There are 2 protein chains.
Amino acid sequence: MTDRERRQVGRPATIEAPRETILAHAASLFATMGYENTSLQDVARAVGISKAAVYHYFSTKQQIYDEIVVVMLQQLEAFVRERVEKAERSEDGIRAFMVAHATFMEENFTEFVTLLHGHGGTSRVRSPGEIAARDSYETVLRTMLQQAQDRGELNIDNVASASRAILSMLNWMSRWFRPDGERRAAEFAEDYFKLLYMGFKRR
Amino acid sequence: MTDRERRQVGRPATIEAPRETILAHAASLFATMGYENTSLQDVARAVGISKAAVYHYFSTKQQIYDEIVVVMLQQLEAFVRERVEKAERSEDGIRAFMVAHATFMEENFTEFVTLLHGHGGTSRVRSPGEIAARDSYETVLRTMLQQAQDRGELNIDNVASASRAILSMLNWMSRWFRPDGERRAAEFAEDYFKLLYMGFKRR
DNA sequence: TTTATTACCGGCTAGCCGGTCAATAATTAA
DNA sequence: TTAATTATTGACCGGCTAGCCGGTAATAAA
């Protein structure tokens, strides 16, 4: 083994799509260990590069987190919008929203958990980009519910409350759902929809 | 100023109910900053004692967290059980459960947030006591729903799903609810109940 | 061929954190 | 009065972390 091989410095371990690779590994670690319990050393080790290399692509740890969140929110909205627009009846639109949200969550599980439960505590500062992306996404559901009510197609007298209820059920899924379990996330979403659509009341 | 006054060591700042005081301040900090971003120095400063004094009453940081969680879960169950048992009709029981849960959350907000969102990440080790307390609490709701269905008083064909749905909505409240806002948590819980009871479907 | 740029590395540092400990003061028991 | 117990402190330690820096190798541009 030559000295050059042993003390390799410079450009030995170039990986392709470094930013995306780093983000994916970071999301996985953030999701399981939590943001605060994940060091950039951990991230670097998972990717197979040095910590300094991580800093070559990102300037702070927070920036890595923010990028995961915003990218996920934007992809989520695009994914859901596409499926919602195909629906004709109001109830199909709502069902499509719930199923699409759950499906996306399952397909991007670690990033999604990072998005919702990455940090502990409530005082996290949300970046402007994150706030905008969140609002934009929630508006998709809210306008759908409002239209259904305005057209008299569904019985939704409290749109804000219904919207919150739907998102709450879906968001909390990321707390107990396990991708390696028997049932798909979409199935649980279907159950939730049926529940909300039919109601408890006996007829 | 004598030397004795300046370098006071020993027993100068005794507080009453030290354990409870420490737990309350710790819960408040855990809830806002997150468990990992709260140092025991922070806790000690909030209480007005030294960090070493905290270690006189608790042996690890984790122990403080665990105690907050278990105590809250037990008090929650007692609080909710008392109110649920008064209900006669099945739907009143469910409504009582939801309203009581929300009310308890509001009255013990910081501890509750700590319970649900204190840690980041999913790999937190739940203590045996916490698991038992959680199971016990969820059983209250599940048996209530099962009875309503068995007696044919309500239309709940998927008890597991309905139980998850209810707890999801209530648990997620601790993410967006603010105790200093206009509406009480119980009002939101009432809205949710109405939604689940009536359903979206037009009649 | 020289120069500039990009991709990476090892090593460092200032600072914080959980936890320990010996010392001291107040309180209680003997 | 004395001894034991309990409450509390400041000082300290080992370990870890985010971020920085000086340097090096490969590539691209001039």
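All of these numbers come straight from a predicted model, not from anything done at the bench. To find a chain, count down the sequence lines: A is the first, B the second, and so on, and within it residues start at 1.
Side-chain atoms of A/Lys61 lie closest to D/dG19 of the nucleotides D/dG19, D/dG10, C/dC8. In this structure, the nucleotide among C/dG18, C/dG10, D/dT9 sitting nearest to the side chain of A/Ser50 is C/dG10.
Contact annotation: A/His56 side-chain N/O to C/dC8 OP1/OP2 distance is not under 4.0 Å.
Taking atom CZ of B/Arg19 as the reference point, atom P of D/dA7 lies 11 Å away to the nearest angstrom. Put simply, OH on B/Tyr57 is 13 Å from C1' on D/dT9, counting in whole angstrom units. B/Lys51 has its NZ atom 14 Å from the P atom of D/dC12, to the nearest Å. With rounding to whole Å, A/Leu40 atom CG is found 20 Å from C/dT13 atom P. In this entry the distance linking CE of A/Met33 with P of D/dC16 reads 13 Å, nearest Å. Rounded to an integer number of Å, the gap from CG of A/Asn37 to C1' of D/dA18 is 15 Å. A/Gln41 has its CD atom 11 Å from the P atom of C/dC9, to the nearest Å. Going from atom CZ of B/Phe30 over to atom C1' of C/dG18 covers 12 Å, rounded to whole Å.
A salt bridge does not link A/Glu138 to A/Arg164: none of the charged side-chain nitrogens sits closer than 4.0 Å to a carboxylate oxygen.
Among the heavy atoms of the strands lying under 4.0 Å from B/Ser39 are primed sugar atoms or P, OP1, OP2 only; no base atom is included.
Each of B/Ser59 and A/Pro18 lies near DNA chain C, and the nucleotide nearest A/Pro18 is the one positioned closer to the 5' end. Summary of the strand contacts: A/Ala52 and A/Thr38 both lie near DNA chain D, and taking for each the nucleotide with the nearest heavy atom, the more 5' one is attributed to A/Thr38.
Between A/Trp172 and B/His117, the angle of the ring planes goes over 60°, which puts this pair in the perpendicular group of the 30/60° scheme.
Proximity of a side-chain donor or acceptor of B/Gln146 to a complementary backbone N or O of B/Arg142 within less than 3.5 Å is not detected.
Contact detail for A/Ala31 and A/Thr114: the closest heavy-atom pair is N-OG1, 3.5 Å.
Looking at heavy atoms from C-beta onward, B/Tyr65 lies in side-chain contact with B/His119 at the 4.5 angstrom threshold.
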